[in-house]
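Letters A, B, ... mirror the listed sequences (proteins, then strands); counts begin at 1. We use all heavy atoms of the structure for the numbers below, so side chains are in, but hydrogens, waters and symmetry mates are not.
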Protein chains: 2
Amino acid sequence: MHSNSQFTDTFITLAHGNGGRYMRELIDSLFARHLANDCLDTEADAARLILPDAPGQWMITTDGFTVEPLEFPGGDIGSLAVHGTVNDLAVSGATPYYLTLNAFIEEGLEAALLERIVIGMAGACHACDVKIVAGDTKVLRRGQGGGIYFATTGVGIKTAAVKLGLEQIQSGDAILLSGTAGDHGTAVMLAREQFGLSGTLQSDAASVLPITRALLEIPELRFMRDPTRGGIATVMNDMARTRQCTVRLFAQDIPVHEQVKTVAGILGYDPLYLACEGRVVAVVGKGHAQQALTAMQEAGCPDAAIIGRIETGRAQVLLVTELGGERILEELEDDPLPRIC
Amino acid sequence: MHSNSQFTDTFITLAHGNGGRYMRELIDSLFARHLANDCLDTEADAARLILPDAPGQWMITTDGFTVEPLEFPGGDIGSLAVHGTVNDLAVSGATPYYLTLNAFIEEGLEAALLERIVIGMAGACHACDVKIVAGDTKVLRRGQGGGIYFATTGVGIKTAAVKLGLEQIQSGDAILLSGTAGDHGTAVMLAREQFGLSGTLQSDAASVLPITRALLEIPELRFMRDPTRGGIATVMNDMARTRQCTVRLFAQDIPVHEQVKTVAGILGYDPLYLACEGRVVAVVGKGHAQQALTAMQEAGCPDAAIIGRIETGRAQVLLVTELGGERILEELEDDPLPRIC
């Protein structure tokens, strides 16, 4: 999918990286407009590799990681770089097999810190049963990097015959979330000294493979996505815009840690726009919603919940508040939150 | 391949990214030591993907690109990011099919510059007949990036039954180089205002697919590599160290542009250590050296030459000078030349 319209901004701003509308415009009207081909779908989490003689559905995905600080409560940029790419394959319905790794390291980085991060990465690979098979390292002059940036590419295979994708979503479908919203974004912000806040909150960063494997057994599973940059609200807006439908969410049903509510309130963020790194949003036919919820719970997600539904109507995301009012969850615009993942 | 010895440096320096000994130590004693698995070979240009049900030899490779300036005579970081990954597949004997792209963009970058670069990338993809099938974009805060960094991962298939690799090299084999040495490194240095030099030299940045395709037809083709960071001398040292053999090169046979000699002389560099981005080093059985040379010339490489041979003896690279003397081409050590590719 790409746009025929030109990219009209003069300079790249932080908002072009936040997961919302500006980023979509950059990708569609600049990258995808020039690089369009029949395999590139900017709305998908992973692309299919058409391999002659290979009957399986081999999938590929790629992701960059710039989180700051490099170590945060519940993870580090190394394990995050593995989990993030594993998760993009997982929500596309694939089992990940192989990763490649690019490291951009800033001159002056402490080797001991780098080693802890690589150990974090190795642990995540082991836990997810994936292998890093190729890599490259570049060192950047002091002041031209942010400690470490990683890029990981993942290859996996879709074994199930399930058709998943935004285009499978139907009116009446139920929307599920596997755990609390916004933990990763909040934990990373808390870990930044600039805010002068502290807390015990952990990032939710983790592999979602146990969740997606359980969900793949559920009939009428339509779509899965890990709500990273831009959070739950961005996934919901992607669904509403792509399917031209109304997404109705119920605030009282969306699990949010008390600490996330408090911190987000102080800093002026809505938890529904904050990144998760170990959650799954799933859309299933309404007759199988309870079964999907049970599957999530049995996969180790005690806070999983049915949080809303797909309705015919205007392309918008409506949040029914705890007091019974309604407000529109707009697409994320110029709210920059750099280096959150 | 990995080392059991620990990484003993305290901080990462620019030399850890220069392609030489320090970089190898970083990769082997830190990354590969923790991430070791049966598919990871830090001496190979591409790794084989073992795909159930896929009889072909699918290969994967990945590379990061940080070149400064972002546009240079003969190319830009966009076309370089395509060619670099295409070339790593090409020298492994594969035909590239698919790429993924990660873009790390610094806040404040001119959109018009970014667009020219993406257009350069699209042109290179078209020329190499590869598709970018997945991507990700991150925006870095001003002062935490260098304009643009790219990471590309490539997937291709090896169709020929040829066994290629450092381990195939034998005593008596001939060493060929497809064109002049050090053009890319020199052109990029000239393009940096910091040196106060200028010239008409173009980077050799290009796809090497026409060359590798022609070479794959030659019997007793043992090994191919594109001599990027660390240049010709680094590839030769990799051969000598891995095969525990002497590599003898003849200075008078190594093609070097007059302008490269001059500029390298002024700046104190040896052209044999400067990066190429469109050359191939090939090792072939001596009985087929002339045939390989003709194949290179017919593939559009008028400057191609037989530059040396493999000999039994101490693991070292000996350069026979134009005056008939001999000197050792040492492994590149702490000579930092950041952001050359």
Side-chain angles (χ1 to χ4, degrees), chain A residues 7 9-14 16-17 23 26-27 30-31 34-35 37 39-40 46-47 49 51-56 58 60-64 66 98 100 102 104-105 107-111 114-115 118-119 122 131-141 143-146 149 151 153 155 338, chain B residues 7 9-14 16-17 23 26-27 30-31 34-35 37 39-40 46-47 49 51-56 58 60-64 66 98 100 102 104-105 107-111 114-115 118-119 122 131-141 143-146 149 151 153 155 338:
Chain A
F7 185 70
D9 297 331
T10 308
F11 296 101
I12 302 300
T13 67
L14 292 174
H16 289 112
M23 187 171 103
L26 170 65
I27 290 172
L30 202 153
F31 282 97
H34 294 296
L35 299 171
N37 63 68
C39 297
L40 180 63
L49 292 175
L51 309 186
D53 306 325
W58 283 88
I60 193 165
T61 189
T62 196
D63 215 347
T66 63
Y98 301 109
T100 67
N102 270 278
F104 299 91
I105 308 174
E107 177 189 15
L109 186 78
E110 266 186 272
L114 178 60
E115 184 149 28
V118 174
I119 290 171
K131 293 172 180 174
I132 292 179
V133 296
D136 187 46
T137 300
K138 293 284 186 292
V139 178
L140 306 165
R141 212 184 274 282
Q144 296 187 336
Y149 306 134
T153 300
V155 174
Chain B
F7 184 71
D9 297 330
T10 308
F11 295 101
I12 302 300
T13 68
L14 291 174
H16 289 113
M23 189 171 102
L26 170 65
I27 290 172
L30 202 154
F31 282 98
H34 294 296
L35 300 171
N37 62 69
C39 297
L40 180 64
L49 293 176
L51 310 185
D53 306 324
W58 283 88
I60 192 164
T61 189
T62 195
D63 215 347
T66 63
Y98 300 110
T100 66
N102 270 278
F104 298 91
I105 308 173
E107 177 189 14
L109 186 79
E110 266 186 274
L114 178 61
E115 184 149 29
V118 174
I119 289 171
K131 293 172 180 173
I132 292 178
V133 296
D136 187 46
T137 301
K138 293 285 186 292
V139 178
L140 306 166
R141 211 185 276 280
Q144 296 187 337
Y149 306 134
T153 300
V155 175

Exercise. May I ask you to name which of A/Val155, A/Leu140, A/Leu26 has the most heavy-atom pairs under 4.5 Å with chain B?
Key: A/Leu140
Quiz prompt | Heavy-atom pair with the smallest gap, counting every atom of B/Pro338 and A/Arg141 | solution = CG-NH2, 3.3 Å
Exercise. Examine the side chains of A/Thr62 and B/Asn102 and answer whether a donor and an acceptor come within less than 3.5 Å of each other.
Key: yes
Exercise. Give a yes or no answer on whether the side chain of B/Asn37 reaches the backbone of A/Lys131 with a donor-acceptor pair at less than 3.5 Å.
Key: no
Quiz item: Do A/Ile119 and A/Glu115 have side chains that get closer than 4.5 Å, going by heavy atoms?
Solution: yes
Quiz item: chain B: which of A/Ala46, A/Gly143, A/Ala111 shares the most heavy-atom pairs with it under 4.5 Å?
Solution: A/Ala111
Quiz prompt | Segment of B/Ile105 engaging chain A (4.5 angstrom heavy-atom cut-off) | solution = side chain
Quiz item: What part of B/Thr137 is in contact with chain A, defined as an atom under 4.5 angstrom from a non-hydrogen atom: side chain, backbone, both or neither?
Solution: both
Quiz prompt | Contact winner vs chain A - B/Ile60, B/Asp63, B/Thr61, B/Ile132, heavy-atom pairs under 4.5 Å | solution = B/Asp63
Quiz prompt | Stepwise side-chain contact (heavy atoms from CB on, under 4.5 Å) check, B/Leu109 with B/Glu107 | solution = CA-CA 6 Å; B/Leu109 186 79; B/Glu107 177 189 14; over 6 Å; no
Exercise. Count the heavy-atom pairs under 4.5 Å between each of A/Asp9, A/Leu114, A/Ile27 and chain B, then report the option with the highest count.
Key: A/Leu114
Exercise. Apply ring pair (Phe, Tyr, Trp, His ring centres under 6.0 Å) to the pair A/Phe11 and A/His16, showing each step before the final yes or no.
Key: CA-CA 10 Å; A/Phe11 296 101; A/His16 289 112; over 10 Å; no
Quiz item: Where does B/Thr10 contact chain A at under 4.5 Å (heavy atoms): side chain, backbone, both or neither?
Solution: backbone
Quiz item: Which one of B/Asp136, B/Thr153, B/Thr100 has the most heavy-atom pairs closer than 4.5 Å to chain A?
Solution: B/Asp136
Quiz prompt | Minimum side-chain heavy-atom gap A/Thr13-B/Val139 below 4.5 Å | solution = no
Quiz prompt | Which atoms of B/Phe104 approach chain A - backbone, side chain, both or neither, heavy atom under 4.5 Å | solution = side chain
